[in-house]
Amino acid sequence: MSNDLHNKVVVISGGAGGIGAACADLFNQQGARVVILDIQTEPVEKDGSDESSRSTYLRVDLTAPEEVKFAVQHIIDHFGRVDVLINSAGGSGRRFGDGPLHECSLEGWQQTLDLNLNSLYHLTHNILKEMVLQKKGVIVTISSILGLVGGDQDFATHAYAASKGAAISLTRSIAAYYAPMGIRANVICPGLIATPMSTRAQHDEHIRRRLATLQPLSGDFGSPQDVASAALFLASDAARFITGAVLTVDGGWTVV
């Protein structure tokens, strides 16, 4: 990859672990100025910088509108702009009661959409205001193949699927509307990736046996780095003529 991301300001939500952390590491290697927004990090007031990685960590509850607004203003005040937004925050709603729709609790539905969709709105809404003023910017949203194909009995979390499908539609709508303003927006739909979120699946022997069919390219889980590499491509000038794309990083799941 070229060094076109050197000194670019890259905001990564959910960057404290999993795919988001892999993105942060890779963008750091490219010389970007990475800002991680995550509920697991240091408080936003501390502006705590990790000198070894050049990342700035801001603790933000991305489901809280005022916290997100404050964090984005903090970034603009400190860095002056946002060049790239990687929407990686989110997670499973199983612990809240997500599941097949007839079993999905109201709390499971609301909490999952808050975690995966409303948080996406809050952050992208505020970042886009800055990108419109800049007349340039790149947005990469990490969705899921479950936003494209749904899931069978092993992956029946319907609030999660709904939230990820909505993330795809929202990002493509952004791509269409903001293209004349020099703003690109694309989506990545990962399959089963070896992250903390997929711990249940990683320890389920039944699912592991299915991997040869589900993800035949490797017959195994993908790595967070596989997704991060795709995000780096879409964020770079190598993808300057690409917007509104939905890129599957799924080992073949959606073509078998």
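Source: prediction; values computed, not measured.
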Q | Side-chain donor or acceptor of Ser88 paired with backbone N/O of Gly20 under 3.5 Å | A | yes
Q) Ile12, Val187: one ILVMFWY side-chain cluster at the under-4.5 Å cut-off? A) no
(Q) If you compare all heavy atoms of Val256 against all heavy atoms of Pro216, which two are closest, and at what distance to 0.1 Å? (A) CG1-CG, 3.5 Å
Q) Any side-chain heavy atom of His122 sitting closer than 4.5 Å to one from Leu62? A) no
Q) Between Asp4 and Arg240, is there a side-chain N and carboxylate O pair less than 4.0 Å apart? A) no
Q) Out of Ile168, Thr254, Thr171, which one pairs with Val246 under the side-chain contact (heavy atoms from CB on, under 4.5 Å) rule? A) Ile168
Q.
Taking Asp38 first and then Arg59, would you say they form a salt bridge - that is, a charged N and a carboxylate O separated by under 4.0 Å?
A. no
(Q) Exactly one of Ile139, Leu170, Val68 should register a side-chain contact (heavy atoms from CB on, under 4.5 Å) with Thr124. Which one does? (A) Ile139
Q: Could you please spell out the steps behind the side-chain hydrogen bond (donor to acceptor under 3.5 Å, both in side chains) verdict for Gln29 and Asp25?
A: CA-CA 6 Å; Gln29 292 169 24; Asp25 289 343; over 6 Å; no
Q.
Less than 4.5 Å apart, side chain to side chain, heavy atoms only: is that true for Ile75 and Leu58?
A. yes
Q | hydrophobic_cluster_shared for Ile242 and Ile86, side chain cutoff 4.5 Å | A | yes
Q) Looking just at side-chain N and O atoms, do His158 and Asp98 make a donor-acceptor pair shorter than 3.5 Å? A) no
(Q) Check for me whether the distance between the ring centres of Trp253 and Phe155 falls short of 6.0 Å. (A) yes
(Q) The test is salt bridge (Lys or Arg N to Asp or Glu O under 4.0 Å); show your working for Arg210 and Asp152 and say whether it passes. (A) CA-CA 12 Å; Arg210 293 189 63 191; Asp152 60 19; 2.7 Å; yes
Q.
Would you say that Tyr178 contacts Met131 through its side chain, given a criterion of any heavy-atom pair below 4.5 Å between the two side chains?
A. no
Q | Close side-chain approach of Leu232 and Gln30, heavy atoms under 4.5 Å | A | yes
Q) side-chain hydrogen bond (donor to acceptor under 3.5 Å, both in side chains) between Ser55 and Asn28: does it pass, once the steps are laid out? A) CA-CA 7 Å; Ser55 290; Asn28 267 310; 2.8 Å; yes
Q. Asn87 and side-chain contact (heavy atoms from CB on, under 4.5 Å): which partner among Leu123, Val11, Asn116, Ile142?
A. Leu123
(Q) Test your reading of the model: is there a side-chain donor-acceptor pair from Thr157 to the backbone of Tyr160, 3.5 Å cut-off? (A) no
**Q.** Atom CZ of Arg172 with >12 non-hydrogen neighbours under 6.0 angstrom
**A.** no
Q) Hey, are the side chains of Pro190 and Ile19 touching, using non-hydrogen atoms and a 4.5 Å cut-off? A) yes
Q | Sidechain N-carboxylate O distance under 4.0 Å for Arg208, Asp220 | A | yes
